[in-house]
Amino acid sequence: MHNVITHPVNAPDDERLAGMLHQTRMQERKLSTQALATRLTRLAGKISRDGLNAAEAAALLSEEAIRFEHAAQEID
């Protein structure tokens with residue numbers, strides 16, 4: 001036999017918490033996207049400034065993609 005204690009769920013509190021979580025996720029997503037845009041802009045500047053050819057630019061972008069992939073794997 002198990003003793004079970006139940007607590008009533010207050011729906012407005014759940015909705016408020018869900019709203020806060022959604023807002024936090026959207027803010028995190030916005031900041032992450034802004035950081036990515038900044039990084040890509042800097043890479044474009046480097047490619048242009050250094051006069052990289054297509055192969056060099058592709059290698060630079062590939063290295064950056066690997067860096068982001070590793071960062072994403074750390075989140076899991």
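Nothing here was measured: the structure is a model prediction, and the numbers come from that model. Start at 1 with the first residue, then count along the sequence.
Atom CE of Met20 has 12 or fewer neighbouring heavy atoms from other residues, nucleotides or ligands inside a 6.0 Å radius.
No donor-acceptor distance shorter than 3.5 angstrom exists from the side chain of Ser48 to the backbone of Ala44, with no hydrogens or angles considered.
Residues that satisfy the side chain to side chain donor-acceptor pair (under 3.5 Å) test with Glu56, not counting sequence neighbours, are absent from this structure. Asn53 is linked by a side chain to side chain donor-acceptor pair (under 3.5 Å) to nothing, counting only residues two or more places apart in sequence or in another chain. By the salt bridge (Lys or Arg N to Asp or Glu O under 4.0 Å) test, Arg42 pairs with no residue at all, sequence neighbours left out.
Here the shortest heavy-atom pairing between Ala57 and Leu52 reads N-CB, 4.2 Å.
Screening residues 17-34 for side-chain hydrogen bond (donor to acceptor under 3.5 Å, both in side chains), with sequence neighbours left out, gives no hits.
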Result block: side-chain N/O donor-acceptor pairs under 3.5 angstrom for residues 59-75, not counting sequence neighbours:
unit_1, atom_1, unit_2, atom_2, d
Glu64, OE1, Arg39, NE, 3.3
Glu64, OE1, Arg39, NH2, 3.2
Glu64, OE2, Arg39, NE, 2.7
Glu64, OE2, Arg67, NE, 3.2
Glu64, OE2, Arg67, NH2, 2.9

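Here OG1 of Thr38 is found 11.0 Å from CG of Leu43. Values are rounded to the nearest 0.5 Å.
The other members of the hydrophobic cluster of Leu17, by chain and number, are Leu21 (side-chain heavy atoms under 4.5 Å, ILVMFWY only).
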